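Take a look at the structure below.
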Amino acid sequence: MSASGVPAEEFPLPPVAGSLARSQDAALRRLFLMLFLRGRSSRGLRKERAPRSIGSKLGLILALYCFVGLSAVAFWGQPVFVLALSQHSITFLFLSMFFASSSGEVLFNKEEADILLHRPIAPARLLRAKVRVLVEVSLWLAGALNLVSFAVGSRGPGGALFVVAHAGSVVLEALFCAGFVVLVYQLCLRWFGRERFESFVTTSQVLVGIAAVTGGQLVRPLLRPMLHQVGGTLGVGQHNWWLALLPPVWFASLDDALAGTGTSGAWLLAGVGLIATAGVLGAAFGKLSGDYQRGLQALNDVAPSARRRQAARRWFDVLVNAPPLRWWLRDPVTRAAFLLTSVYLVRDRDLKLRVYPSLAPMFVFPFIFIFDSQRGRGLGEGFAIAFLSGSLGIFPLIALSTLQFSQQWQASDVFRAAPIRGPAALSEGARRAVLAVLTLPALALVVAISLVVRQDSSQLLLLLPGIIAIPVFSLVPCLGGKAVPLSLPSEEAKAASRGATMWIAMLAAFAISGLGVWAHSAGWLGWFLLAETALAIGVYGAMRASIATARWSSME
Amino acid sequence: MISVQRLCKSFGAQVAVDDLTFEIPAGQIVGFLGPNGAGKSTTLKMLTGMIEPTSGTARVCGFDLLRDPIEVKRHVGFVPESGAVFESLTGLEYLEMIAALYGIPRATATPRIEQFISFFDLSFETLTEKLLGAYSKGMRRKVVITAALLHNPPVVFFDEPLDGLDANAAVGFKTLIQSLAREGKAIVYSSHILDVVERVCDRVIIIDKGRLLLDGPPNELVAARGVATLERLFTELTGGVELEHRAAEFAKTFLP
């Protein structure tokens, strides 16, 4: 009898070969799908926010993607290539964002090592299961994103054939994105070695995320004039040869080859897409798949590079203990929160993945205005400059809202255990860190850009309305005792209310910029700035007073 | 069951495990001891196939760690110190997933899981309704132990298994591993709770700075060194006596 009262011979060692492989494939698919849809951590989630139903969450995500895909209606009646390129651009960017934010966590999860690495699973099987789930989910997303375009395309010149061609090209695009991301990781492992792998994964994820968000805003305005330029029958020629380098063009060409013009150029580019996809998949899951095991082990066994970490710590110590920060951070609690926030903004992978890509659009929108204004469209260069600084106010707002969430949120119990009357000093430290580490460098960049693009020196004054509003904007997340850094579970970071706050702040920035431009054109900018400063000081003072009296929220 | 020959592991210039050699036969409970950073967890991770040794060899149930890592993994159960679980799964979903990874059919796995639930006094409702993230530390530990034993492995590695368990569960667990050893399983038990090790283990292996310091039955080792307990032996071997003096001196700094 076994210790638990059951004859041991009833439970012989499980089988090998075929049945084990099938059992593992099914279990791993189910596991990674659930982890993806529910999130990896549920600890500390409030009961009503705990993820329970895979179906409802997936339904919500797909509905959102369907809504985004409504943009295809704008291409009603357009040639196959134009509609396909538009949809493949969006799909490519959304899938890139999806893979950038999800793949690192799915493929190389540190906590997973203690759960799965001692189980009898071949690394290649583990990799296959993870990528299969990523591709599966990306196909659902791509399908939802293109649902409207299938309807629009079937009524266009391509007819029903467009639906078939576009479905095939979307599948190819998803496979290309998945293969490309895995390939990048494998190559990083091979080229940069284990020691630098983890930090490189984080950096590359952040950069891909920023590029995807930035590209999402920039690609369509860039393509639009070219579409108009050739009367809506864009093809790739000598004047725009660079388009042939863009993956969405390959996949749109497949649509065009099968359901559109069927030109030799379209077939050629479609062929490039097929070969590129096959090549990327072959490299990622063939020759280089052995590197995956080394990657998993790297996360499990790499000792940190002591020298680099010490250097980073010294840098922060020097920064905080030297003027002007030493004067600015006299309160020890504020200084501690400043250091904590700054360090996490630089080191923490989870936080960086959420903060930096969410800030990217704030920079991109003003650039689109500048881009448009220099071509005689949009709201003019003055507004673009004003909005450039106006959007800076949203920087601390978004950053502070995001910084509240962390995978290590339970460690924030030390804040409540410490003899601190309320969260004000902590949120103030976080606010100052965001202002010093993120907003100030962004402001310097904005001023530099404005100096380059401005045609009239007096327009530089239009930076001031936005700059004056920054301190007020930065206090908004701290109201009600919030914005305590790293104090809430990261799974709660997806709350829709944050999006609403951001949109309200965007509208406020837009309004301030508009009023500034209006005052400038009317010759009242000086008075406007004076009034804005007085108002900002009043509001700032009232907000600080309110924040200072805030107490800890209930832990229930 | 376990044969370790000149096992080494380095992380860059840092040597974590240095030339370890030992054998563990079937039916033996071996306490694997050492101070923090001695290389215990690294050794266990190597023996469970989680990380590759830098040099040396090891065989588990006759399977070579480097040549047949999957076979080694089929024959071992491991309770890691971290007690990590997928928190977004319910306890039952997690255990069913683990069973499937070992190819155990659901018809076999379900009654087996029920037996563990009964043994650990877990509520079936909790296991099916609550996500693991909402479990107490002790409940999570019970699930992790269940996950390690579900496939009935002949070799089991425990890294601080009692962490989080209440006194009754700990007593039950100690009885369980002694029964498992009587059934012929080799048990490696790594812990800092030395009085438990002394009572439960047939033999202890003490390592420090990655090197083997002592290997033998606890009562014989204690008698040979002329000390009263395994804890005293351990502190003398690993610099704990000096730490005791330092602690006494340090405590004086708290005096008003």
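Not measured: the values here are computed from a predicted model. Protein chains get the first letters and strands the later ones, always in sequence-line order, with residue 1 at the start of each.
Only the side chain of B/Glu93 comes within contact range of chain A, with heavy atoms under 4.5 Å apart. Both the backbone and the side chain of B/Ala147 come within contact range of chain A, with heavy atoms under 4.5 Å apart. Proximity to chain A (any heavy atom under 4.5 Å) is shown, for B/Phe157, by neither the backbone nor the side chain. Contacts of B/Leu149 with chain A are absent, with no heavy-atom separation under 4.5 Å from either backbone or side chain.
Under the 3.5 Å distance criterion, with hydrogens and angles disregarded, no donor-acceptor pair is assigned to the side chains of B/Tyr189 and B/Glu160. Side chains of B/Thr57 and B/Asp64: a donor-acceptor N/O pair is absent below 3.5 angstrom, by distance only. Judged purely by distance below 3.5 Å, without hydrogens or angles, the side chains of B/Tyr102 and A/Arg119 pair a donor atom with an acceptor atom.
Considering every non-hydrogen atom in both B/Ser10 and B/Val15, the closest pair reads OG-CG2, 3.9 Å.
Per-residue heavy-atom pair counts under 4.5 Å with chain A were compared for B/Met97, B/Arg182, B/Gln178, and the maximum is reached by B/Met97.
In this structure, NZ on B/Lys142 lies 12.0 Å from CD1 on B/Ile117, to the nearest 0.5 angstrom.
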